[in-house]
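See below for the structure under consideration.
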Amino acid sequence: MIKRGSTQRVPGGPDSGPQRALITASFVSRVGNGLFNTAAVLYFTLVVHLPATQVGAGLTIAGLSGLAAGIPAGNLADRYGPRAVWLTGLVLQAATMTAFVFIDSWGAFTLVATLDRLAATASGAAGGALIARAGGERPAAFRARLRTFVNLGVVVGTLGAAFAIQADTRPAYTGLILANAASFALAALIAFLGVPAYPPLPRPGEHRQWSVLADRPYVSFVALYSTMGLQYQTVSLLLPIWLSTHTDAPRWTVAAVYAVNSGVCVLLQSRLGSTVETPRQGGRAFRLAGLLFLISCPLMALTADVPAWAAPALAVLAICVHSVGEVWESSGGYALGYGLAPDHAQGQYQGLLGIGFDAGQALAPLVLTGAVLALGHPGWLLLGALFACLGAAGPPVAAWAERTRPAAPAPEAPAQHPQGRSPLPEADQLPAQGGP
């Protein structure tokens with residue numbers, strides 16, 4: 001049985017200083033990500049003059065190598081406190097981003113990219129533990145606001161990158177990379193000034209550095225969440241290729257799809273995500289997401305069967321449905337990913353979750369282009385059915401996991417009020433709840 005440590009969250013809501021600092025730091029770093037990710041391949045191929053195949057191979061090596069940092073970094077965050085590990089990861093990412101400006105060979109590119117992914121994975125594990133500690137009295141609402149600003153940061157960065165791509169010069173691309181490096185440094189400074197150095201929580205005697213691997217319900221959830229993560233690249237990879245090669249839709253449709261996806265997620269994340277608090281609610285959110293994906297995938301396929309003037313409208317309709325599903329899926333993932341993890345081992349558990357998600361994203365291009373595109377319309381139908389099945393597994397996995405967690409301890413009976421009525425409990429007398 002997985003025992004939970006005593007939760008030591010920071011009281012507060014939207015006005016909590018640590019929460020504001022985490023949201024601001026995350027927004028700043030994601031603006032940098034949007035700047036860099038949009039033009040990274042162009043920089044490495046057009047400026048550094050690496051062949052596209054070498055860039056792809058280097059990124060694959062870096063991505064797979066980076067997975068190794070997840071659980072060890074999470075353990076460090078649990079043992080010494082999450083802020084120190086997170087700040088270290090951000091500083092290292094600032095350094096690796098700066099180093100990209102000086103590379104001139106495939107070997108140097110692969111080495112720097114690998115160090116960058118190791119730092120990013122470590123930062124993700126520690127950052128997850130930090131989010132859990134700063135969750136406040138309404139952790140789901142905080143996580144929803146955080147994701148809203150993360151999405152918004154990527155949008156802002158992507159729009160900024162468009163100017164550099166239009167200029168198409170070495171200084172423009174170099175500026176994007178250095179801006180991303182600066183975003184990590186600034187995020188680290190914001191977190192250093194505004195986020196407390198939370199001390200590690202007491203660990204039970206049976207805690208082990210690899211305990212998460214023995215938690216079968218959580219490992220099952222990680223597998224579920226990682227596979228459902230195919231839906232992200234359905235929007236960013238599969239649908240753009242489909243629109244470009246299988247439909248007569250105008251080229252601007254791809255940009256419209258990105259814009260609508262980002263807009264829907266930004267507008268609805270806080271509204272819907274704040275309602276998904278418990279693992280049980282997370283399981284139901286997963287199920288709803290799967291049903292919405294079951295609708296959106298066939299709609300995407302049908303864009304190849306309508307006139308050119310109707311294809312953009314159908315694509316936008318499909319992406320609206322899909323984006324609402326994405327909001328429910330991410331909210332369910334937060335509720336389960338944090339709510340099922342023991343408080344004293346959030347770093348370790350978030351490390352495994354990050355490993356699973358990154359591995360799924362690494363395999364997504366192979367699955368989506370090699371299977372779905374190869375099969376055409378039946379591939380889209382099978383993809384929608386896969387999402388629906390994954391979503392349907394959400395509630396039973398959540399119920400299974402909750403059965404292996406001890407119930408929250410019952411509060412002590414309060415002293416009787418002189419008039420025979422029990423006074424309302426003070427905030428610090430409420431029983432501790434497990435998970436964020």
Side-chain angles (χ1 to χ4, degrees), residues 34 37-42 45 52-53 55-56 59-60 63 151 154-155 158-159 161-162 165 226-266 289-330 357 359-391:
N37 293 340
T38 305
V41 174
L42 295 176
T45 55
T53 54
V55 173
L59 292 176
T60 299
N151 287 333
V154 173
V155 172
T158 301
L159 292 175
I165 294 174
S226 302
T227 309
M228 188 73 97
L230 289 171
Q231 66 90 6
Y232 291 103
Q233 294 203 36
T234 297
V235 175
S236 64
L237 175 68
L238 182 60
L239 183 58
I241 295 176
W242 180 263
L243 291 172
S244 300
T245 60
H246 289 73
T247 78
D248 295 322
R251 296 300 182 190
W252 55 260
T253 306
V254 173
V257 161
Y258 281 126
V260 171
N261 175 245
S262 300
V264 171
C265 290
V266 168
L291 293 175
L292 289 169
F293 296 150
L294 179 61
I295 296 171
S296 66
C297 286
L299 289 176
M300 293 177 188
L302 287 175
T303 56
D305 303 315
V306 298
W309 62 267
L314 185 57
V316 168
L317 173 62
I319 208 64
C320 284
V321 175
H322 195 94
S323 299
V324 176
E326 179 179 329
V327 171
W328 285 117
E329 181 265 348
S330 62
F357 182 79
Q361 294 301 292
L363 293 174
L366 177 64
V367 173
L368 295 178
T369 61
V372 177
L373 279 182
L375 293 173
H377 286 69
W380 280 102
L381 296 177
L382 289 174
L383 182 62
L386 171 65
F387 287 141
C389 291
L390 293 170

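Everything quoted here is computed from the prediction, not taken from an experiment.
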Correct closest heavy-atom pair for Leu390 and Thr227 would be CD1-CG2, 3.6 Å

To the nearest 0.5 Å, atom CG of Leu239 lies from atom CG of Leu243 at 4.0 Å

In this structure, CD1 of Ile241 is separated from OG of Ser236 (nearest 0.5 Å) by 9.5 Å

When every non-hydrogen atom of Ser323 is compared with those of Asn261, the smallest separation belongs to OG-ND2, 2.9 Å

Residue set satisfying side-chain contact (heavy atoms from CB on, under 4.5 Å) with Ser244, at least two apart, ordered chain then number -> Arg251, Val254

Residue set satisfying side-chain contact (heavy atoms from CB on, under 4.5 Å) with Pro378, at least two apart, ordered chain then number -> none

Taking every heavy atom of Pro298 against every heavy atom of Leu381, the minimum-distance pair comes out as CG-CD2, 3.8 Å

Determine whether a donor-acceptor pair (N or O, by modelled atom type, separation under 3.5 Å) exists between the side chain of Ser262 and the backbone of Ala259. no

Distance-only check: which donor-acceptor pairs under 3.5 Å involve side-chain atoms of residues 360-367, not counting sequence neighbours?
from: Gln361; atom 1: OE1; to: Gln233; atom 2: NE2; distance (Å): 3.3
from: Gln361; atom 1: NE2; to: Gly229; atom 2: O; distance (Å): 2.8

Hits for side-chain contact (heavy atoms from CB on, under 4.5 Å) against Val154, two or more places apart or cross-chain, chain-then-number order -> Arg30, Thr158

Report the C-alpha distance between Leu368 and Leu383 in whole Å, list the side-chain angles of each, state the deciding distance to 0.1 Å, and finish with yes or no for side chain to side chain contact (heavy atoms under 4.5 Å, CB included).
CA-CA 9 Å; Leu368 295 178; Leu383 182 62; 4.1 Å; yes

By ring-ring contact (aromatic ring centres under 6.0 Å, His included), Phe293 pairs with (sequence neighbours left out) His322, Phe387

For Ala318 and Ser296 the tightest heavy-atom approach is O-CB, 3.6 Å

Residues passing the side-chain contact (heavy atoms from CB on, under 4.5 Å) test with Trp309, sequence neighbours excluded, are Pro307

#### Entry: Heavy-atom check, side chain of Met300 versus side chain of Leu238, under 4.5 Å
no

Applying ring-ring contact (aromatic ring centres under 6.0 Å, His included) to Phe357 and not counting sequence neighbours gives Tyr225, Tyr232

For Thr303, the side chain to side chain donor-acceptor pair (under 3.5 Å) test, sequence neighbours excluded, returns Trp242

Could you tell me whether the side chain of Val372 reaches within less than 4.5 Å of the side chain of Leu382, counting heavy atoms only?
-> no

Applying side chain to side chain donor-acceptor pair (under 3.5 Å) to Thr253 and not counting sequence neighbours gives none

Contacts of Glu329 meeting salt bridge (Lys or Arg N to Asp or Glu O under 4.0 Å) (sequence neighbours excluded), chain-then-number -> none

Applied to residues 363-388, the side-chain hydrogen bond (donor to acceptor under 3.5 Å, both in side chains) test, sequence neighbours excluded, yields Asp305-His377

